[in-house]
J.: 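Sending over a structure as structure tokens; questions will come in a sec.
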Protein chains: 2
Amino acid sequence: MTDEGDGSVDAEDAAAVTTLASPTPADAREAVAAAIEREDVVSVFGTCTVEYEGRASSHLGPGDRLVVCKPDGTTLVHTDEGHQPVNWQPPGSTQEARLTDGRLELHSLRSTPEEELLVRFAEIIQVTAYDVTDETELALEGTEEDLRERVLDNPDLVESGFTPLATERETPAGAVDIFGEDGQGRRVVVELKRRRVGPDAVGQLGRYVDALERDLHAEADVRGILVAPSVTDRARRLLAEQGMEFVALEPAA
Amino acid sequence: MTDEGDGSVDAEDAAAVTTLASPTPADAREAVAAAIEREDVVSVFGTCTVEYEGRASSHLGPGDRLVVCKPDGTTLVHTDEGHQPVNWQPPGSTQEARLTDGRLELHSLRSTPEEELLVRFAEIIQVTAYDVTDETELALEGTEEDLRERVLDNPDLVESGFTPLATERETPAGAVDIFGEDGQGRRVVVELKRRRVGPDAVGQLGRYVDALERDLHAEADVRGILVAPSVTDRARRLLAEQGMEFVALEPAA
DNA sequence: TTGTGGATGTCGCCG
DNA sequence: CGGCGACGTCCACAA
């Protein structure tokens with residue numbers, strides 16, 4: 001069932017996959033170039049060095065890696081460890097398979113910012129190309145959007161008598177998650193976070209409150225409420241210092 | 001040079017790679033399980049569904065994808081687009097290759113937080129396993145650390161007469177990048193950023209300045225200087241509002 | 001193109 | 001293990 005070196009295919013839909021085991025650099029270059037042209041996803045196992053130059057720069061000496069090139073311009077270089085690729089190029093980059101000094105090189109360029117990635121293979125273990133098509137969309141739950149819906153469906157979860165008036169209300173400091181008023185008719189700014197919050201979220205909420213107090217040119221005060229599953233000690237202290245509040249709430253019931 | 005379906009090997013060092021093209025689910029499970037045991041990196045091209053449950057939860061319908069399992073417990077599910085995997089499990093997770101209702105399932109569990117990933121294959125195009133070993137360390141330049149060194153080597157880049165006294169000086173708000181004094185002997189807090197800064201960095205610097213003024217129980221003021229390649233308009237305005245300053249400096253000369 | 005904030009962020013450091 | 005901040009963060013969305 002395995003394709004021969006020239007990428008010949010058998011019946012059925014095996015036409016979609018191309019595999020080369022221990023190919024010559026020239027054969028590998030040919031196969032990768034054709035696969036990129038065909039808009040396949042390409043994976044290459046082998047020993048390589050990697051150079052990156054752009055916002056930062058890096059050099060990576062010889063080692064075994066898995067390199068993946070996607071038809072959207074993404075390139076990923078993975079070692080045997082870590083969620084993150086050791087080097088990469090984002091979507092929208094150009095991709096080229098070259099033969100330089102008898103070695104396979106995968107070269108990728110992007111602009112804004114100008115960045116360059118060069119993978120040079122000392123040994124090629126295997127090249128695979130496959131026409132990966134995925135129309136399906138990921139259905140993700142438990143996001144900040146879910147938390148917002150939960151609060152809007154049941155505002156009492158924030159505080160008895162709380163009434164949302166607007167979402168994404170604009171202020172000079174940016175858009176407030178939920179703007180509303182409490183049982184006494186005081187203005188309330190609610191900042192939502194889907195997970196445990198630190199000092200950064202307090203700073204954000206504080207900027208919104210200040211901006212709104214300025215915007216409504218200071219007719220009394222604006223309450224700031226941080227809604228999240230939990231809060232760190234320092235963040236809780238910062239909230240208190242600025243006269244703001246915390247309400248514990250999970251993104252999902 | 002291509003291995004046969006049972007993973008037999010030929011001479012040379014091709015022993016390291018195993019390839020199965022269009023295997024049965026049972027053969028694929030066997031090969032993946034053996035490869036995980038052997039601590040190989042495994043890649044699987046095929047049509048699959050993915051379920052994730054943990055901090056959030058997600059469902060992904062049938063589609064062609066590339067799944068990578070690493071010996072450190074990482075699992076990545078990549079579609080034909082994007083730098084980010086559509087689903088994943090981080091290093092340290094357990095990995096298991098199962099046969100359920102005649103289908104190949106890759107199941108992964110982690111704890112703290114408890115999270116589960118399940119990839120179920122409707123069709124398996126290709127399974128590859130290879131002993132990826134990479135001793136080499138990535139040499140990265142142009143980081144915040146490089147910017148710090150640049151400032152310490154030449155403090156005048158911040159301001160003529162500036163004298164660094166300490167790095168990572170502790171305050172109740174966290175560690176300050178560089179603490180020092182200016183030509184007039186006033187305390188100076190320097191916050192370093194390797195790239196263009198927004199409002200968050202201003203908040204951070206502001207917290208350090210406030211904390212130090214409290215810490216030194218308010219013997220006059222502490223200057224706050226944000227050092228970065230550039231700054232957004234809003235961040236510059238926030239700096240001005242809080243009486244703080246900006247100095248333009250690149251991480252590398 | 002730039003600005004702004006979210007993310008199953010991940011990663012490393014340190015208490 | 002939690003807190004905290006950096007990251008070549010990536011990413012979607014708005015101006």
Side-chain angles (χ1 to χ4, degrees), chain A residues 52-58 74 76 81-92 110-117 138 140-145 147-148 168 170 173-177 191-201 203-204 207-208 230-236 251, chain B residues 50 52-58 74 76-77 81-93 110-117 138 140-148 168 170 173-177 191-201 203-204 207-208 230-236 251:
Chain A
Y52 154 73
E53 178 76 40
R55 287 165 292 181
S57 60
S58 72
T74 300
L76 307 170
E81 290 184 344
H83 163 103
Q84 297 282 157
V86 64
N87 278 115
W88 71 93
Q89 200 70 302
R110 72 178 291 203
S111 41
T112 349
E114 190 96 3
E115 293 194 297
E116 183 178 15
L117 183 71
L138 180 71
L140 182 63
E141 292 162 48
T143 65
E144 185 177 303
E145 174 59 26
L147 177 56
R148 172 182 359 225
E168 299 299 317
E170 285 301 334
V176 166
D177 282 336
E191 173 67 22
L192 304 170
K193 294 292 171 190
R194 65 172 299 283
R195 62 167 185 174
R196 187 170 176 82
V197 288
D200 52 339
Q204 209 181 319
R207 289 199 299 277
Y208 294 149
S230 61
V231 60
T232 67
D233 273 357
R234 191 190 300 293
R236 188 186 288 281
Chain B
V50 187
Y52 154 73
E53 178 75 41
R55 288 164 293 180
S57 60
S58 73
T74 301
L76 307 170
V77 182
E81 289 183 345
H83 162 102
Q84 296 283 151
V86 63
N87 278 114
W88 70 92
Q89 200 71 301
S93 309
R110 72 177 291 203
S111 41
T112 350
E114 190 96 3
E115 293 195 295
E116 182 177 16
L117 183 72
L138 180 71
L140 182 63
E141 293 162 46
T143 64
E144 185 177 301
E145 174 57 27
D146 294 310
L147 177 56
R148 172 178 9 224
E168 299 299 318
E170 285 300 333
V176 165
D177 282 337
E191 173 66 21
L192 304 170
K193 294 293 169 187
R194 64 171 300 281
R195 60 169 183 170
R196 187 171 177 81
V197 288
D200 50 340
Q204 209 182 319
R207 288 199 299 276
Y208 294 149
S230 61
V231 60
T232 67
D233 272 357
R234 191 190 299 292
R236 188 186 288 280

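So that the names make sense, note that chain A is the first sequence line, chain B the second, and so on, each numbered from 1. It should be emphasised that the depicted structure is a prediction, and the values quoted were computed from it without experimental measurement.
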J.: Answer with base, sugar-phosphate or nothing: what part of the nucleic acid does S58(A) contact at a heavy-atom distance below 4.0 Å?
T.: nothing

J.: Considering every strand and a 4.0 Å limit on heavy-atom distances, what is the contact class for A201(B): base, sugar-phosphate, or nothing?
T.: nothing

J.: Does a donor on one side chain sit under 3.5 Å from an acceptor on the other, for R196(B) and S230(B)?
T.: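 S230(B) and R196(B) do have a side-chain donor-acceptor pair below 3.5 Å.
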
J.: So, does Q204(A) get its side chain near the phosphate of dT4(C), meaning an N or O under 4.0 Å from OP1 or OP2?
T.: no

J.: Touch check for P113(A), heavy atoms < 4.0 angstrom, all strands: base, sugar-phosphate only, or nothing?
T.: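 The answer is nothing, as P113(A) stays clear of every strand by at least 4.0 Å.
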
J.: Which nucleotide in the list dT8(C), dC10(D), dC11(C) gets nearest to the side chain of W88(A)?
T.: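 Nucleotide nearest to W88(A)'s side chain: dC10(D).
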
J.: Taking atom types as they are modelled, would you say the side chain of E144(A) forms a donor-acceptor pair with the base of dG6(C) within the 3.5 Å cutoff?
T.: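 Counting by modelled atom types and ignoring angles, no donor-acceptor contact under 3.5 Å is found here.
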
J.: May I ask you to check whether over 12 heavy atoms, not counting those of R236(B), lie within 6.0 Å of atom CZ?
T.: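 Atom CZ in R236(B) is not crowded, with 12 or fewer foreign heavy atoms closer than 6.0 Å.
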
J.: What contact category does S57(A) fall into here, base, sugar-phosphate, or nothing, at under 4.0 angstrom with non-hydrogen atoms?
T.: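 Nothing, no heavy atom under 4.0 Å.
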
J.: Starting the side chain at C-beta, find the nucleotide from dA6(D), dT10(C), dT8(C) nearest to K193(B).
T.: dA6(D)

J.: Between E191(B) and D233(A), just flag the one whose closest nucleotide in DNA chain D comes earlier from the 5' side.
T.: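 First, find each residue's nearest nucleotide; the 5'-ward one identifies D233(A).
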
J.: Check the phosphate of dG9(C) against R194(A), side-chain N and O only, distance under 4.0 Å to OP1 or OP2. Yes or no?
T.: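 Looking at the OP1 and OP2 atoms of dG9(C), one of them is under 4.0 Å from a side-chain N or O of R194(A).
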
J.: Check this one for me: any side-chain N or O of T143(A) less than 4.0 Å away from OP1 or OP2 of dT8(C)?
T.: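 Indeed not, no polar side-chain atom of T143(A) lies that close.
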
J.: Could you check whether N87(A) gets within reach of a base, just the sugar-phosphate, or nothing at all, counting any heavy atom under 4.0 Å?
T.: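 N87(A): base contact, heavy atoms under 4.0 Å.
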
J.: For R195(A) and R55(B), run side chain to side chain contact (heavy atoms under 4.5 Å, CB included): C-alpha distance rounded to whole Å, both residues' side-chain angles, the deciding distance at 0.1 Å, then the answer.
T.: CA-CA 9 Å; R195(A) 62 167 185 174; R55(B) 288 164 293 180; 5.6 Å; no

J.: For dA7(C), take OP1 and OP2 only and decide whether either is under 4.0 Å from a side-chain N or O of Y52(B).
T.: no

J.: Heavy atoms only, 4.0 Å cut-off, all strands: where does G82(A) land among base, sugar-phosphate and nothing?
T.: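 The answer is sugar-phosphate, as G82(A) gets under 4.0 Å only of primed atoms, P, OP1 or OP2.
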
J.: Just compare dA6(D), dG8(D), dT8(C) and give me whichever is closest to any side-chain atom of L140(A).
T.: dT8(C)

J.: Expressed as a whole number of angstroms, how long is the span from R196(B):CZ to dG3(C):P?
T.: 4 Å

